[in-house]
Amino acid sequence: MNKIEMKTPLVEMDGDEMTRILWQHIKETLILPYVDLKTEYYDLGLKHRDETADTVTVESALAAKKYGVAVKCATITPNAARVSEYGLREMWKSPNATIRRILDGTVFRAPITVKGIRPFIPTWTKPVVLARHAYGDLYSAVDVRAVRGEKVYLVGEDKEGREVGRRLVHDFNGQTGVVQAMHNVDASIRSFAHACFRFALERRTPLIFAAKDTIAKVYDGEFRDIFAEVFEEYRLAFEEAGITYLYTLIDDAVARVVRSDGNVLWACKNYDGDVMSDMVATAYGSLGMMTSVLVSPDGKYEFEAAHGTVTRHYYKYLKGEETSTNSVATIFAWTGALKKRGELDGLPALTDFAKRLEDATRRTIEEGEMTGDLIPLFHAEGVSPKKCNTTEFLYAVADRL
Ligand code: NAP
Ligand code: MG
């Protein structure tokens, strides 16, 4: 058989622990036999990040900018324990944060839906895709305790330090309490809006953006207005694609999404996105079935699994014990990247291969072969689920592929 040709390389970002093991297996079992794989390889494994003083992460992000499509394995974000475990020179920053900063991207989390795996909200038969604006608001807020009797103001200064505005936040009078000030930047909100409209179009999914502009009239009103303004650039394309954009209040959005069949792209402000992405992920069952795509406003893509490096399984693997780690989200990171590369380079055979690999993966589970995390979630008449170990599952997918 002739292998499927590629034109432009994928940016391949290797990672850590159990997902690094999966990475190699997936390539060998499911991709290399069929695709003449071209990648530009970056090793983001913690050891190599340390050896390169983390320049490898920056280089990989710049390569993603250059080529437009990257696929990333989960990586360790070091904490104090990891610094001693790996003897690190420094507590390097989260690679995801570094890549997101360089691409100025928005993260979209999308569940992989499979027949037989019933979400906790049974009407969600299609994916609820969540977009989180990962800049500002609560996450870079200043918060302070107010002293009894204190009057707290919000004060603005111009470049020369002259006061240009002063508003009373609260007169604490005889009371104590707390105060918080937060900000956002129009350019960041605009980038977020572009990424959301673009992604909705690509997936042909209706978009909801929600905030609380009835209460935060200026702050959330700015988000609403920027989204409305940016939408004008996409209005025609949305009509042609037969999808809609709706701005609504966050409480109304929650009600709409819960009552829906899924099939919605839900764009959230930073805090709402933090909370709701965990709610959506939990509702779909397993972290092993959640993918994540970083999209930049100028259309660069980085695909990955939403879960981490599955450390607990890795330590079992190191001891020679059997593991049953779900590789589905990592397989879909690869297929997402290959599909996108195929579309951009006009290679239908590559896109078609990626879809076949996704179908084979879904079918493996639907026919009852799955990793341990999915067993309690699986309910299909006439099919009794069989627990596969990590490699058995990949071979079961390969058989169907
Ligand atoms: P995790 O790797 O997502 O794993 C947490 C638990 O979720 C696992 O112990 C396992 O539960 C279950 N799980 C997650 N993915 C699974 C899969 N594919 N198959 C089966 N079960 C799965 O999160 P963590 O343990 O908090 O973090 C581990 C490391 O990953 C940390 O160093 C963190 O910095 C990093 N991390 C990286 C990323 C990223 O690169 N995007 C994201 C998050 C975390 P059971 O143990 O009960 O089986
Ligand atoms: Mg959260």
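Order of appearance sets the numbers: ligands from 1, and atoms from 1 within every ligand.
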**Message:** With heavy-atom distances below 4.0 Å as the criterion, list the atoms of ligand 1 near Thr311.
**Reply:** 28 (C), 29 (C)
**Message:** If you measure every N or O of Ala306 against every N or O of ligand 1, does any of those distances drop under 3.5 Å?
**Reply:** no
**Asked** Of the listed options (Leu44, Val328, Val107, Thr77), which comes nearest to atom 34 (O) of ligand 1 when hydrogens are ignored and any heavy atom counts?
**Response** Thr77
**Prompt:** Is the His48 to Tyr42 ring centre distance short of 6.0 Å?
**Reply:** no
**Request:** Tell me which one of Ile99, Leu374, Asn326 gets a heavy atom nearest to atom 18 (N) of ligand 1.
**Result:** Asn326
**Asked** Distance under 6.0 Å and angle within 45° of the ring axis: does Lys269 meet both against Phe223?
**Response** yes
**Message:** Can you classify the ring geometry of Trp334 versus Trp23 as parallel (below 30°), tilted (30 to 60°) or perpendicular (above 60°)?
**Reply:** tilted
**Request:** Using a strict 4.0 Å cut-off to heavy atoms of Lys72, name the atoms of ligand 1 that fall inside it.
**Result:** 40 (O)
**Request:** Give the residue, atom name and distance (to 0.1 Å) of the protein heavy atom nearest atom 44 (C) of ligand 1.
**Result:** Gly308 CA, 3.4 Å
**Prompt:** Okay, side chain of Ser60, backbone of Met13: is any donor-acceptor separation there less than 3.5 Å?
**Reply:** no
**Message:** I want to know if ligand 1 touches Asp373 in the polar sense, i.e. an N/O pair below 3.5 angstrom.
**Reply:** no
**Asked** Does any donor atom in the side chain of Thr309 or Asp16 lie under 3.5 Å from an acceptor atom in the other side chain?
**Response** no
**Asked** Side chain, backbone, both or neither: which part of Asn96 has a heavy atom under 4.0 Å from ligand 1?
**Response** side chain
**Prompt:** Short check: is a protein heavy atom less than 4.0 Å from atom 12 (C) of ligand 1?
**Reply:** no
**Asked** Does His313 have a non-hydrogen atom less than 4.0 Å from ligand 1?
**Response** yes
**Asked** How about atom 24 (P) of ligand 1: does it have a protein heavy atom within less than 4.0 Å?
**Response** no
**Prompt:** Does the protein put any heavy atom within less than 4.0 Å of atom 6 (C) of ligand 1?
**Reply:** no
**Asked** Can you tell me if Tyr135 uses its side chain to pair, donor with acceptor, with the backbone of Val185 under 3.5 Å?
**Response** no
**Message:** Tell me whether the rings of Tyr245 and Phe227 are parallel (<30°), tilted (30 to 60°) or perpendicular (>60°).
**Reply:** parallel
**Prompt:** Relative to each other, are the rings of Tyr314 and Tyr317 parallel, tilted or perpendicular (30° and 60° limits)?
**Reply:** parallel
**Any donor-acceptor N/O pair, Arg362 side chain to Thr113 backbone, under 3.5 Å** = yes
**Enumerated ligand 1 atoms positioned under 4.0 Å from heavy atoms of Ala74** = 40 (O)
**Prompt:** With distance as the sole criterion, is a donor-acceptor pair present between the side chains of Tyr219 and Asp137 under 3.5 Å?
**Reply:** yes
**Request:** Return a yes/no value for Arg312: is any of its N or O atoms, backbone included, closer than 3.5 angstrom to an N or O of ligand 1?
**Result:** yes
**Polar contact flag for Glu17 and ligand 1 (N/O pairs, less than 3.5 Å)** = no
**Message:** Checking side-chain polar atoms at under 3.5 Å, does Asn96 have a donor or acceptor matched by the opposite partner on Ser94?
**Reply:** no
**Asked** Looking only at N/O atoms, are Val310 and ligand 1 under 3.5 Å apart anywhere?
**Response** yes
**Request:** Name the option, out of His307, Arg82, Met289, Glu85, that contains the heavy atom nearest to atom 39 (C) of ligand 1.
**Result:** His307
**The one among Thr309, Thr390, Thr323 that brings a heavy atom closest to atom 29 (C) of ligand 1** = Thr309
**Item:** Option passing side-chain contact (heavy atoms from CB on, under 4.5 Å) with Arg203 (candidates Val129, Leu265, Val293)
**Value:** Val129
**Prompt:** Using a heavy-atom cut-off of under 4.0 Å, does the side chain or the backbone of Thr75 touch ligand 1, or both, or neither?
**Reply:** both
